[in-house]
Amino acid sequence: MYRSLEFVIDFFRSTPASAMFPLFLVLFGVGDETKISVAAFGAILVILFNVAYGVMNARKTRLLAAKVMGASPVRVLFDVTLLESLPQTFVGLRNGVSLALVIIVVAEMFIGSQDGLGHSVFEAQQLFDMPRMYAAIFAAGALGYALNLFFLVVERSFVHWGGK
């Protein structure tokens, strides 16, 4: 059972999200559901692995101190392990959002989307409308930068102790 689950996880982890477009098109059809599901597929493993890394590297002294002081396992989970894993979790969230944005733009370019930044880039390229194409590329970059900045601000407010 464990070996088969490990095989499935390794398979999906090593499969590029862009290679999964045809599968998601068959499952969801052409539309926003497909773009969202492919982006979620691409981002979820990045986020989950960073959360797991954060949990595995929680400071053992804090975990032991909480247990010695009589904290229940649920209390240790939420008050120590969760807080210890937050810095790495936010790294995963930022990376996952960046990856999801790239996947959505690529999906909009190639799966027959009628709107979105990727569709604008592709359509402008086909029509040789270079100012509009570069404007859409710049807008995608600005959106990625704004999302990263947003997660940094949220991280600083929730994880003020990160790196200390």
Side-chain angles (χ1 to χ4, degrees), residues 1-58 81-160 162-163:
M1 167 82 178
Y2 176 74
R3 299 291 290 167
S4 62
L5 180 63
E6 185 178 297
F7 172 76
V8 170
I9 290 172
D10 284 343
F11 174 76
F12 283 115
R13 182 174 51 99
S14 62
T15 304
S18 59
M20 299 299 281
F21 286 157
L23 174 66
F24 285 101
L25 280 171
V26 168
L27 293 175
F28 300 108
V30 176
D32 290 339
E33 296 85 12
T34 304
K35 293 187 285 188
I36 292 168
S37 59
V38 171
F41 171 79
I44 195 73
L45 286 176
V46 171
I47 295 168
L48 285 177
F49 284 134
N50 275 280
V51 170
Y53 181 77
V55 168
M56 289 186 320
N57 290 315
T81 307
L82 178 70
L83 293 176
E84 285 285 322
S85 69
L86 276 179
Q88 195 64 36
T89 299
F90 274 101
V91 168
L93 286 171
R94 286 197 330 261
N95 288 334
V97 166
S98 297
L99 182 61
L101 179 63
V102 168
I103 291 170
I104 285 178
V105 169
V106 170
E108 289 171 347
M109 291 174 83
F110 298 114
I111 64 170
S113 180
Q114 297 300 317
D115 55 356
L117 288 172
H119 175 73
S120 295
V121 170
F122 186 72
E123 187 179 69
Q125 181 186 20
Q126 295 300 311
L127 298 173
F128 298 105
D129 187 359
M130 294 302 135
R132 189 169 136 231
M133 182 186 77
Y134 285 116
I137 291 170
F138 178 76
L143 179 62
Y145 181 78
L147 286 170
N148 189 52
L149 191 63
F150 170 75
F151 275 98
L152 279 173
V153 168
V154 171
E155 179 182 1
R156 285 189 188 126
S157 67
F158 281 107
V159 190
H160 53 83

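This structure is a prediction, so every number in the text was calculated from the model and none was measured.
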Tabulate below the donor-acceptor pairs under 3.5 Å that side-chain atoms of residues 37-45 make, not counting sequence neighbours, or state none.
{"unit_1": "Ser37", "atom_1": "OG", "unit_2": "Glu33", "atom_2": "O", "d": "2.9"}
{"unit_1": "Ser37", "atom_1": "OG", "unit_2": "Thr34", "atom_2": "O", "d": "2.9"}

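Counting all heavy atoms, side chain and backbone alike, Pro87 lies closest to Val159 at CG-CG1, 3.5 Å. Between Glu108 and Leu117, the shortest heavy-atom distance links the atoms OE1-N, 3.0 Å.
The side-chain heavy atoms of His119 and Met109, taken from C-beta on, include no pair separated by under 4.5 Å. Looking at Phe122 and Gln125, their side chains come closer than 4.5 Å, going by heavy atoms from C-beta outward. When side chains are defined from C-beta on, Val97 does not count as touching Leu101, because their heavy atoms never get closer than 4.5 Å.
Residue pairs meeting the side chain to side chain donor-acceptor pair (under 3.5 Å) criterion with at least one member in residues 134-143, sequence neighbours excluded, do not occur. Within the structure, salt bridge (charged side-chain N to carboxylate O under 4.0 Å, His left out) pairs that include any residue of residues 37-47 do not occur (at least two apart or interchain). The side chain to side chain donor-acceptor pair (under 3.5 Å) contacts involving residues 143-152 comprise Arg94-Asn148, where partners must be two or more places apart or lie in separate chains.
For Glu123, the salt bridge (charged side-chain N to carboxylate O under 4.0 Å, His left out) partners at least two apart in sequence or on another chain are Arg132. With sequence neighbours excluded, no residue forms a side chain to side chain donor-acceptor pair (under 3.5 Å) with Asn95.
Atom CE of Met56 sits about 11.5 Å away from atom OG of Ser85, to the nearest 0.5 Å. Rounded to the nearest 0.5 Å, atoms CD1 (Ile36) and CD1 (Ile103) are 13.0 Å apart. In this structure, CG on Leu152 lies 11.5 Å from CG on Leu93, to the nearest 0.5 angstrom.
Just one of Thr89, Val91, Val55 meets the side chain to side chain contact (heavy atoms under 4.5 Å, CB included) condition when paired with Asn50; it is Val91.
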Do Phe90 and Val154 pass the side-chain contact (heavy atoms from CB on, under 4.5 Å) test, and can you show the C-alpha distance, the side-chain angles, and the key distance before you say yes or no? CA-CA 9 Å; Phe90 274 101; Val154 171; 3.8 Å; yes
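Judged by distance alone, with hydrogens and angles left aside, the side-chain atoms of Gln88 form no donor-acceptor pair with the main-chain N or O of Tyr53 at under 3.5 Å.
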